[in-house]
Amino acid sequence: MRLLLVAPPGAGKGTQAARLSTHYAIAHLSSGELLRKEVAADTKIGRIAVDYLRRGDLVPDELVIEILAGPVLQAVGNGGYVLDGFPRTRRQAEEAYRVAQLVEGIDLQAVVHLEVRREELRRRLLARARQEGRVDDTDAVISHRLEIFDSETEPLLGFYRSRGLMVDVNGEQPIDRVFVDIVGALDTYAPVDARRRATGIEDAGTR
Ligand code: AMP
């Protein structure tokens with residue numbers, strides 16, 4: 001199983017990805033979590049990434065690709081992955097597609113999109129700030145991250161949708177219900193059919 005979770009900050013990507021990882025026995029690869037670990041460990045990548053994370057800006061594509069490439073390849077040989085937070089830009093999606101062309105059995109089978117209204121996202125992120133104290137969960141940075149989602153990540157949804165890879169789920173329901181809906185949709189979904197379709201991104205946005 002090779003899945004991608006695309007949703008704005010606060011929609012529940014991390015929570016659902018962790019559950020999907022257990023359910024399907026696949027690796028949970030969170031680009032944000034991997035970056036936060038690099039920062040905590042004060043690595044070379046972490047020292048570059050820290051200011052981007054603090055501002056809510058996207059970390060340069062090269063860095064994200066560098067930290068994810070190894071874990072993704074490893075996961076492919078181990079039952080699959082659920083990618084949480086990557087790709088987030090068209091360029092990242094193109095790069096992921098380029099690599100998928102080179103390696104047998106690495107391409108995406110489904111993209112799960114969690115739909116949550118803006119007011120609810122803000123409410124959740126501010127609540128998370130009180131609980132976890134993430135540096136990027138302040139009011140101003142939340143607004144910035146939501147803007148970046150709209151300008152950089154949202155356009156990817158149309159691309160994946162046009163390829164028949166998209167599963168839309170109402171992310172405002174209770175956590176268990178969201179999970180049941182995702183698994184129900186994936187279990188009735190025909191990944192073989194999706195895989196037969198072209199998955200190139202060259203004409204993204206043109207359909
Ligand atoms: P997340 O945990 O997914 O909310 O990500 C937290 C932060 O990590 C984002 O605001 C970005 O600064 C950075 N980040 C996570 N994933 C990516 C990505 N695919 N590309 C660039 N930056 C990312």
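Scope of the values below: all heavy atoms of this structure, side chains included, with no hydrogens, waters or symmetry mates. Position 1 is the first residue of the sequence, and the numbers go up from there. As the structure lists them, so they are numbered: ligands from 1, and atoms in each ligand from 1.
Within ligand 1, counting atoms from 1 as listed, the ones closer than 4.0 Å to a heavy atom of Ser31 are 15 (C), 16 (N), 17 (C), 19 (N). Residue contact check: Leu53 has heavy atoms under 4.0 Å from atoms 7 (C), 8 (O), 12 (O), 13 (C) of ligand 1. Counting atoms of ligand 1 from 1 in the listed order, those under 4.0 Å from a heavy atom of Arg36 are 2 (O), 6 (C). Here is the list of ligand 1 atoms found below 4.0 Å of a heavy atom in Gln92: 18 (C), 19 (N), 20 (N), 21 (C). When each atom of ligand 1 is checked for a heavy atom of Val64 under 4.0 Å away, the hits are 18 (C), 19 (N), 20 (N), 21 (C). Every atom of ligand 1 with a heavy atom of Asp57 under 4.0 Å away is listed here by number and element: 11 (C), 12 (O).
Looking at Glu152 against ligand 1, nothing comes within 4.0 Å, counting heavy atoms. Residue contacts with ligand 1 for Leu35 involve side-chain atoms from C-beta outward but no N, CA, C or O (heavy atoms, distance under 4.0 Å).
Remark: side-chain polar atoms of Arg124 are paired, donor with acceptor, to backbone N or O of Gly10 under 3.5 angstrom. At distances below 3.5 Å, at least one donor-acceptor pair connects side-chain atoms of Gln92 with backbone N or O atoms of Arg88. Ser21 contributes no side-chain N or O that, together with a main-chain N or O of Ala17, makes up a donor-acceptor pair within less than 3.5 Å.
Given atom 22 (N) of ligand 1, the protein heavy atom at minimum distance is Val59 N, 3.0 Å. Counting only heavy atoms of the protein, atom 4 (O) of ligand 1 lies nearest to Arg134 NH2, 3.2 Å. Of all protein heavy atoms, the one closest to atom 10 (O) of ligand 1 is Arg145 NE, 4.0 Å.
Counting only residues at least two apart or in different chains, salt bridge (Lys or Arg N to Asp or Glu O under 4.0 Å) contacts with residues 7-25 comprise Arg19-Asp176.
Glu115 and Asn170 are not linked by any side-chain donor-acceptor pair at a separation below 3.5 angstrom, with hydrogens and angles left out of the test. Side-chain contact of Thr43 with Glu38: a donor-acceptor pair under 3.5 Å is present, judged by distance alone. If you check the side chains of Arg122 and Ser143, you find a donor sitting under 3.5 Å from an acceptor.
Taking the six-membered ring for Trp and the full ring otherwise, the centers of His23 and Phe179 sit less than 6.0 Å from each other.
Taking the ring centre of Tyr52 as origin, the terminal cationic atom of Arg55 falls inside the region bounded by 6.0 Å and 45° from the ring axis.
Nearest to atom 5 (O) of ligand 1 by heavy atom, out of Arg91, Lys13, Arg54, Arg88, is Arg88.
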* To do: Start with the C-alpha gap between Val167 and Leu186, add the side-chain angles, then the distance that decides, and say whether side chain to side chain contact (heavy atoms under 4.5 Å, CB included) holds.
  => CA-CA 8 Å; Val167 167; Leu186 290 175; 4.2 Å; yes
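The shortest N or O to N or O distance between Glu33 and ligand 1 is not under 3.5 Å. When only interatomic distances are considered, the shortest N/O to N/O separation between Gly56 and ligand 1 does not fall below 3.5 Å. In terms of N/O distances under 3.5 Å, ligand 1 is not approached by Phe86.
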